[in-house]
Amino acid sequence: MTTFDTLKNLNHPCIQRSAGELLLTLAKNAESRFEKVPEIMGVICAQLSIISQPRVRQQIINTVSLFISRPKYTDIVLSFLLCHPVPYNRHLAEVWRMLAVELPSTTWILWRLLRKLQKCHNEPAQEKMAYVAVAATDALYEVFLGNRLRAATFRLFPQLLMTLLIQIHHSIGLTMSDVDIPSGLYTEQEASSEVTPLCFAMQATKTLLLRTCCLQEFNIMEKNKGWDLLGGKDCHLQGVFLLANALLERNRLLAQKVMYLLVPFLNRGNDKHKLTSAGFFVELLRSPVAKRLPSIYSVARFKDWLQDGNHLFRILGLRGLYNLREDIKSLLPYIVDSLRETDKKIVLSAIQILLQLVRTMDFTTLAAMMRTLFSLFGDVRPDVHRFSMTLFGAAIKSVKNPDKKSVEKQVLDSLVPLLLYSQDENDAVAEESKRVLTICAQFLKWKLPQEVYSKDPWHIRPTEAGTICRFFEKKCKGKINILEQTLIYSKNPKLPIRRSAVLFVGLLSKYMDHNELRRMGTDRIEDDLRDLLCDPEPSLCIITSQTLLLVQMASAEPKPKQRVNWLQKLMGRSSA
C-alpha cells in the first residue's frame, strides 16, 4: 500500500515511475501471497485518473492484467472493474482496451466476463435489469475495441454473438431507469439519459462483427436496416433472421459453429433468450450440416413449438420446418391447423410449407385443407387471401384421377368467389383469382370465355359481363345455386366485389330460366337489393336499381322468347 501512496507523487515523475515498476515486480513475484486484491483494485481504480505518465499508466494496467489472468483473482478483478458507472470513463476504458494478457489466459478472461452476462439471462425475469448485465456488455465493447484478446474473441465468437443478441432482446425499450443500479454508484454524476442498455448491446455486437472480420455481414445488416430491425420491439426476430442468413451466406463455417452452440442454448433462459436463439437456429437449418442433427433437435422440437401458447414460437416452428425441407409429413395436421390462426405470419408460413408438400398429401388431408383454404377467400389480409387461392389451385392440380369426383363439389363452390374476386381492387388478388379460376375450369374440362381475362371492370363493360354470366349460368345449371352464392357477396365490405355481385345477380335473373326463378322466389333477393339502394356509392345505387328492375320483370312475366314460341305453336295449330 506504501507503493500505491508513492504513485500519488505528481511532483516527482521519476519516483512515480519507480513506484510503478516496483508495483509490477511485487505483483509478478508475490501475487500468490496477495490477500488484499480487492483493496488493491479499489486503490488502482481510484488513482488511475491522477497518473498522467503513459509508461506508469501502462505499468498499472499491466498489474491489473497480471491479477486478472490468475484464475484465483479473475472474478474479483472483474467484479471491481464492472462496479463502475457506464459508459466507462476514459481511464477505465483504457484498462479494458489495453489488457496485456498472455495467450493461454485470454480465453479464460473473456469467458469469465461473458459468463457474468450469461448468468443474468439465465435468471428468472426481474422487474429491473441487473446492472452487471449492462456493465459487462459495455466491458465487452471496450475489450473488442482494444482488440488485445483477439484470438479469444475468434474462439468464443458463437457464444459472444448469441449472448449479445440475447442482451439486445432483453434491452429493447429499456432506459437506465429500468436498470437496478447499485446504491451510491452514481454519486458524482447522474446516469445519462442519452445512453440505454440497448445502445451498449448494439455497440458491442457491431464491434464484435467488425473485429472478427465479418465485414460483409455487417454491411448486409447496415444496408437492409438490420440494426433497426434487431432493436425493434415487434421486428427483433426479423433482424435475427437477416443476420443469421448473412452469416450463412458469407461465412458458412462460422455459421455452422453457431448452429452447434444453439442446440443447448434453446433449452436455457426465459422466452426472450429462447426466442432469439430459436430465430437464429431455424435460419441456419438451411445449411447442409443441419441434416446431421438428430430429429429430436429439429422436427420434434418444431412439433412442440407449433403447439406453444406464444405465437412467435409457432411462427418459428413453421419457419424451421420450411427451412429444414425434410420428410415432415407426420406434422401435416399441425401445419394445416395453422391456417386457422389469426396471426398473418403464421398463416403465410403454413401456406409456404404446404405448397412444398401438397403433391405428397393423401386425399383426406388434401380435401380438409381445401375446405380451410376456401374459408380464407376474401380474407381482409390481401396476402392471406391471395396465397390461400394459390395453394387452393395447387391442391386442385394435385388431386389424383380416382378422387376427382369427390372434390368436384368443392371446385364448383369456389367458382363464384373466384369469379367475383377477379374484380378485386387489389391487382395481385384479381390476377391470382383469374389464374386459379382457369385451373378450376381445366379441372372441370371447361374452356373459359376470353372476356374473363379482361382487365376492365364489369360495370364499364356490361356486354362482356353478360357473356361471362351466360357461360357460367349454363355450365353450373343443376349443379350449384349460382344466384344464391352471388347474392351473398352483395354484402361484401369491398365496393368492387359488392358492385360486381349486384351486377351479376341482375344478369343471372335476365339469362336464367324465369320459371325456375319464380319457383325459387325473389322476395329475399329484392329485400337485399333494396337495402343497397341507400349505399353512398352512386355507381352501386344505379346498378342496384337496374338489377332490382330486372329481377322484378323476370319474376312477373315469362321470357319474351318463350311467349313468341307459345304464340307460334298456337298459330300453327289454328292453321292446321
Qualifying residue, where the test is side chain to side chain contact (heavy atoms under 4.5 Å, CB included) with Leu92 and the options are Leu82, Leu81, Val86, Asp138: Leu81
Donor on one side chain, acceptor on other, Asn62 and Arg57, under 3.5 Å: no
Geometric class of the Trp96/Tyr88 ring pair [parallel <30°, tilted 30-60°, perpendicular >60°]: tilted
Nearest-0.5 Å distance, CD1 of residue Ile109 to CG of residue Leu113: 9.5 Å
Test item: side-chain donor near acceptor, Ser69 and Glu102, under 3.5 Å: no
SB check Glu217 Arg250 (cutoff 4.0 Å): no
More than 12 heavy atoms of other groups within 6.0 Å of Lys303 NZ: no
Donor-acceptor side-chain pairing of Ser349 and Arg319 below 3.5 angstrom: no
Contact summary for Gly309 and Arg314, nearest pair of heavy atoms: O-NH1, 3.3 Å
Arg359 side-chain N/O to Ser398 backbone N/O, donor-acceptor pair under 3.5 Å: no
4.5 Å side-chain heavy-atom contact, Leu208 and Leu164: yes
Ser79 and Lys116: side chain donor to acceptor below 3.5 Å: yes
CZ (Arg381) with more than 12 external heavy atoms under 6.0 Å: yes
Thr163 (side chain) donor-acceptor with Leu160 (main chain) under 3.5 angstrom: no
Expected output: side-chain His273 to main-chain His121 donor-acceptor under 3.5 Å: no
Check: Asn267 and Arg301 side chains under 4.5 Å, non-hydrogen atoms: yes
Candidate list Trp111, Trp108, Phe67, test side chain to side chain contact (heavy atoms under 4.5 Å, CB included), partner Thr74, passing option: Trp108
Distance, nearest 0.5 Å, that separates CG of Leu354 from OG1 of Thr372: 10.0 Å
CG-CD1 distance between Leu348 and Ile315, expressed to the nearest 0.5 angstrom: 9.5 Å
Asn270 side chain to His170 side chain, donor-acceptor N/O pair below 3.5 angstrom: yes
Mutual orientation of the aromatic rings belonging to Phe302 and Phe281 [parallel < 30°, tilted 30-60°, perpendicular > 60°]: tilted
Nearest atoms (heavy-atom pairs only) where Met370 meets Ala395: CG-CB, 3.7 Å
Electrostatic pair Glu94-Arg97, nearest N-O below 4.0 angstrom: no
NZ/Lys206: more than 12 non-hydrogen atoms of other groups inside 6.0 Å: yes
Within 6.0 Å of NZ in Lys397, more than 12 heavy atoms from elsewhere: no
Distance-minimising heavy-atom pair for Gly269 and Lys274: O-CE, 3.3 Å
Heavy-atom closest contact (Leu418 atom, Cys440 atom, distance): CD1-SG, 3.7 Å
Among Leu373, Leu366, Thr365, the one residue meeting side chain to side chain contact (heavy atoms under 4.5 Å, CB included) with Val336: Thr365
From OG (Ser65) to CD1 (Ile60), nearest 0.5 Å: 11.0 Å
Cation-pi check, Arg286 onto Tyr322 ring (under 6.0 Å, within 45° of axis): no
pair Leu248-Glu283: side-chain heavy atoms closer than 4.5 Å: no
Step-by-step side chain to side chain donor-acceptor pair (under 3.5 Å) determination, His236 to Thr276: CA-CA 8 Å; His236 171 74; Thr276 300; 3.0 Å; yes
Exercise: identify the closest heavy-atom pair between Met162 and Ser277: CE-CA, 3.9 Å
Any side-chain heavy-atom pair of Tyr141 and Leu145 under 4.5 Å: yes
Separation between CG of Leu376 and CZ of Arg386, rounded to the nearest 0.5 Å: 15.0 Å
Residues Tyr334, Trp305; criterion ring-ring contact (aromatic ring centres under 6.0 Å, His included); working and verdict: CA-CA 10 Å; Tyr334 299 100; Trp305 289 354; over 10 Å; no
Over 12 foreign heavy atoms within 6.0 Å of NZ, Lys257: no
Between CZ on residue Arg268 and CD on residue Gln118, distance to nearest 0.5 Å: 7.0 Å
Working for ring-ring contact (aromatic ring centres under 6.0 Å, His included), residues Phe377 and Phe392: CA-CA 10 Å; Phe377 287 9; Phe392 189 84; 5.2 Å; yes
Donor on one side chain, acceptor on other, His311 and Glu341, under 3.5 Å: no
